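Below, all heavy atoms of this structure are taken into account, side chains as well, without hydrogens, waters or symmetry copies. All values derive from a computational prediction rather than experimental measurement.
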Amino acid sequence: MGYPEKRGTYYRGRYKLPDGKYGTVQDSEGRTVRFEKKRDAKRAADAAEAQVRAGTHVDRADIPTFAEYVNCTWWPVQDLAPSTMQNYPSHIQLHLLPYFGDKLITAITRADIAAWEKGQRALYAASSVTTYRSILHLILQDAVEDVPAMLVNPAARRRGRGRRAGRRAQSRGPEKVVTTPLGALLVAERAALLTGRDNEFIETITTAYTGMRWGEVVGLDREYVRDRSIRVEWQLYELADGTFVRCPPKDDSMRDIDTPAFLAGLLAEQRRRCPRGQCACHGMRTMFQSATVRQELRVSHARIAELAGVSTPTVSRVRHRPEAVSQATTERVLAAMAELGALEETSPEHLMPHWTRDDHRSRVTEPAASGWYPKHGASDPARPVCVVAGDQWPGTVVRGRWSATQATACWAPVAGGLTNHGFRHCHSTWLEDLGTPSVLIDERMGHLDGSVSARYKHITQGMRDRMLAGLSQLWAESLAARAALSPRSPVAVLDRLLQERSAHLLSQNSPQRVISQAIRTVDMAPDLHLSKWTA
């Protein structure tokens with residue numbers, strides 16, 4: 001039996017261990033419990049000795065700290081997705097170990113977790129804190145099974161407790177920006193102007209009219225582009241260090257996406273244009289290659305200017321606005337570029353094989369949608385996209401340090417805040433507006449409906465035909481609205497589409513129909529029409 005032992009002004013409980021020695025009653029952090037009353041020390045000692053006899057007693061020296069358990073027991077056995085394996089260490093090192101690392105894992109209480117979470121919410125976004133707490137819950141739940149003295153998970157949320165008002169507002173993310181088919185067409189046109197090639201136009205239209213995820217578009221292989229459909233078999237998932245991992249699409253959502261006739265034609269054109277060789281990183285023949293020059297092959301404007309004996313802005317004008325530079329200066333700059341190999345930078349072998357998410361956002365999507373280049377540190381603030389108003393709307397993009405002095409206008413916003421993933425929301429919204437059945441939308445988006453009613457819904461060919469007809473109608477209306485803004489485009493593929501549409505209308509020999517159609521499409525986008533040259 002246990003017994004109390006007098007230690008000056010307090011009592012401590014003593015009990016016999018399995019090896020015949022005597023231990024002392026301790027708290028959850030391994031410190032000796034000081035009892036004011038003798039009977040309390042006696043009861044605690046008896047309870048501890050009863051655990052020894054039942055075989056449920058755990059020596060405090062065998063209980064690991066939170067850091068010891070995570071680093072030595074929990075993390076080495078994890079086998080998760082590559083992105084998760086990359087994100088977890090930083091979350092644990094930066095947000096969990098500084099607060100819980102030195103605590104015995106059995107000593108972590110609900111109060112400790114509540115205080116930690118409150119401090120985190122004062123510093124970080126609610127969605128980020130939710131991620132950190134989910135990791136903590138996962139670790140402690142595994143500890144319940146691995147550590148004998150760990151009886152409950154203190155991170156488990158108890159139902160019906162805590163503040164209810166505003167709970168959803170704290171966890172809800174920002175609203176996704178969506179746009180109309182005309183807005184998607186205008187963003188696609190601007191994307192092509194920003195990169196100087198048609199690839200980004202077709203890429204943006206493909207994303208908007210298929211609802212594919214960003215990784216699925218980046219990893220779209222030529223062999224999976226069929227005559228009237230796209231087979232989604234793989235995606236390229238980008239890790240934090242900028243490398244790509246080829247893996248199945250999210251939730252294993254391999255699927256066939258039906259493509260309207262106009263999109264099938266654009267993809268066939270892009271398939272002929274894209275490089276036929278395989279990328280060195282994954283051996284894929286992707287449809288959409290990056291427009292970013294490889295870092296080791298880049299030639300700066302300063303080097304070209306030094307060799308040609310001109311200023312750096314002059315080199316920028318020669319590359320982007322040669323009509324603004326004299327013939328003699330242009331020849332000197334081109335000769336210097338040829339000597340340094342800068343003329344070959346646009347060849348496929350000099351470009352990065354895949355767009356990174358950040359590079360595409362900052363160079364293409366955000367400036368095309370909002371009309372502003374994003375901020376890059378304190379030395380490079382956000383700035384508008386400057387253009388020269390020429391004969392063809394929406395003008396010629398000017399770049400360089402003195403672009404603001406050379407420009408005559410700036411792009412007005414089309415859909416400020418629109419992202420690549422936002423096009424996926426756009427596509428789902430368009431399908432809902434067309435009255436597409438939910439079962440077909442889920443199949444097209446790669447979603448899984450686990451409800452009972454979903455087992456009794458089936459897709460018919462009539463559903464597919466009506467959906468494709470609706471998407472084709474949206475495309476035709478957006479193209480008509482774009483033609484009402486300006487009949488020509490500096491983007492070659494869009495200019496050809498506009499000319500084909502104009503020739504088709506003229507062949508109908510119905511001037512009144514053309515006028516009424518133009519009036520109706522202008523009404524679809526009055527702000528864009530009136531502010532197309534707003535600075």
Taking [X] for the side chain and [Y] for the main chain, is one N or O donor matched with an acceptor at less than 3.5 Å?
X: Arg246; Y: Leu236; result: no
X: Ser428; Y: Arg424; result: no
X: Glu189; Y: Leu494; result: no
X: Thr436; Y: Leu431; result: yes
X: Thr243; Y: Leu239; result: no
X: Thr408; Y: Ala389; result: yes
X: Arg501; Y: Ala476; result: no
X: Arg190; Y: Ala368; result: yes
X: Arg332; Y: Gly309; result: yes
X: Gln235; Y: Pro248; result: yes

Would you give the length of the straight line joining atom [atom1] of [X] to atom [atom2] of [Y], rounded to the nearest 0.5 angstrom?
X: Met463; Y: Ile441; atom1: CE; atom2: CD1; value: 11.0 Å
X: Ile230; Y: Ile257; atom1: CD1; atom2: CD1; value: 6.0 Å
X: Ser489; Y: Leu193; atom1: OG; atom2: CG; value: 6.0 Å
X: Arg466; Y: Leu471; atom1: CZ; atom2: CG; value: 13.5 Å
X: Ile202; Y: Arg197; atom1: CD1; atom2: CZ; value: 10.5 Å
X: Tyr224; Y: Met287; atom1: OH; atom2: CE; value: 14.0 Å

Residues forming a side chain to side chain contact (heavy atoms under 4.5 Å, CB included) with Arg383, sequence neighbours excluded: Tyr373, Asp380
Report the C-alpha separation of Arg121 and Thr130 in whole Å, then their side-chain angles, then the decisive distance to 0.1 Å, and conclude whether the side-chain contact (heavy atoms from CB on, under 4.5 Å) test is met. CA-CA 9 Å; Arg121 291 189 181 277; Thr130 301; 4.1 Å; yes
Quick one: sort the Phe262 and Trp475 rings into parallel, tilted or perpendicular, breaks at 30° and 60°. parallel
We want to know whether [X] and [Y] form a side-chain donor-acceptor pair, criterion being a heavy-atom distance below 3.5 angstrom.
X: Gln499; Y: Arg496; value: no
X: His360; Y: Thr365; value: yes
X: Glu203; Y: Asn199; value: no

side-chain contact (heavy atoms from CB on, under 4.5 Å) between Leu418 and Phe423: does it pass, once the steps are laid out? CA-CA 8 Å; Leu418 183 68; Phe423 283 114; 3.5 Å; yes
Shortest non-hydrogen contact from [X] to [Y]?
X: Arg285; Y: Glu223; value: NH2-CB, 4.3 Å
X: Val493; Y: Phe201; value: CG1-CD2, 3.5 Å
X: His425; Y: Val178; value: CB-CG1, 3.8 Å
X: Ala302; Y: Thr312; value: CA-OG1, 4.0 Å
X: Cys386; Y: Ala407; value: CB-CB, 3.4 Å
X: Pro394; Y: Arg482; value: CD-NH2, 4.3 Å

Does atom CD (Glu306) have a neighbourhood of more than 12 heavy atoms from anything else shown, all under 6.0 Å? no
Below 4.5 Å, heavy atoms only, C-beta onward: do [X] and [Y] meet side chain to side chain?
X: Val385; Y: Leu194; answer: yes
X: Thr179; Y: Val187; answer: no
X: Thr396; Y: Val387; answer: no
X: Glu200; Y: Arg363; answer: no
X: Val218; Y: Thr286; answer: no
X: Thr206; Y: Leu266; answer: no
X: Thr419; Y: Arg361; answer: no
X: Leu485; Y: Leu186; answer: yes

Determine, stepwise, if the pair Gln461 / Arg464 fulfils side-chain hydrogen bond (donor to acceptor under 3.5 Å, both in side chains). CA-CA 5 Å; Gln461 188 59 41; Arg464 298 185 188 276; 4.5 Å; no
Ring pair (Phe, Tyr, Trp, His ring centres under 6.0 Å) between Tyr209 and Trp430: does it pass, once the steps are laid out? CA-CA 9 Å; Tyr209 280 86; Trp430 299 349; 5.2 Å; yes
Take Met254 and Arg231 through the side-chain contact (heavy atoms from CB on, under 4.5 Å) test and state the conclusion after the steps. CA-CA 8 Å; Met254 284 76 76; Arg231 175 63 183 174; 3.7 Å; yes
Sort out for me which residue in Glu443, His447, Arg213 forms a side chain to side chain donor-acceptor pair (under 3.5 Å) with Ser253. Arg213
Assess the residue pair Arg444 and Asp258 against the criterion (side-chain contact (heavy atoms from CB on, under 4.5 Å)); give the C-alpha distance rounded to whole Å, side-chain angles, the decisive distance to 0.1 Å, and a yes or no. CA-CA 8 Å; Arg444 192 172 179 86; Asp258 299 315; 4.0 Å; yes
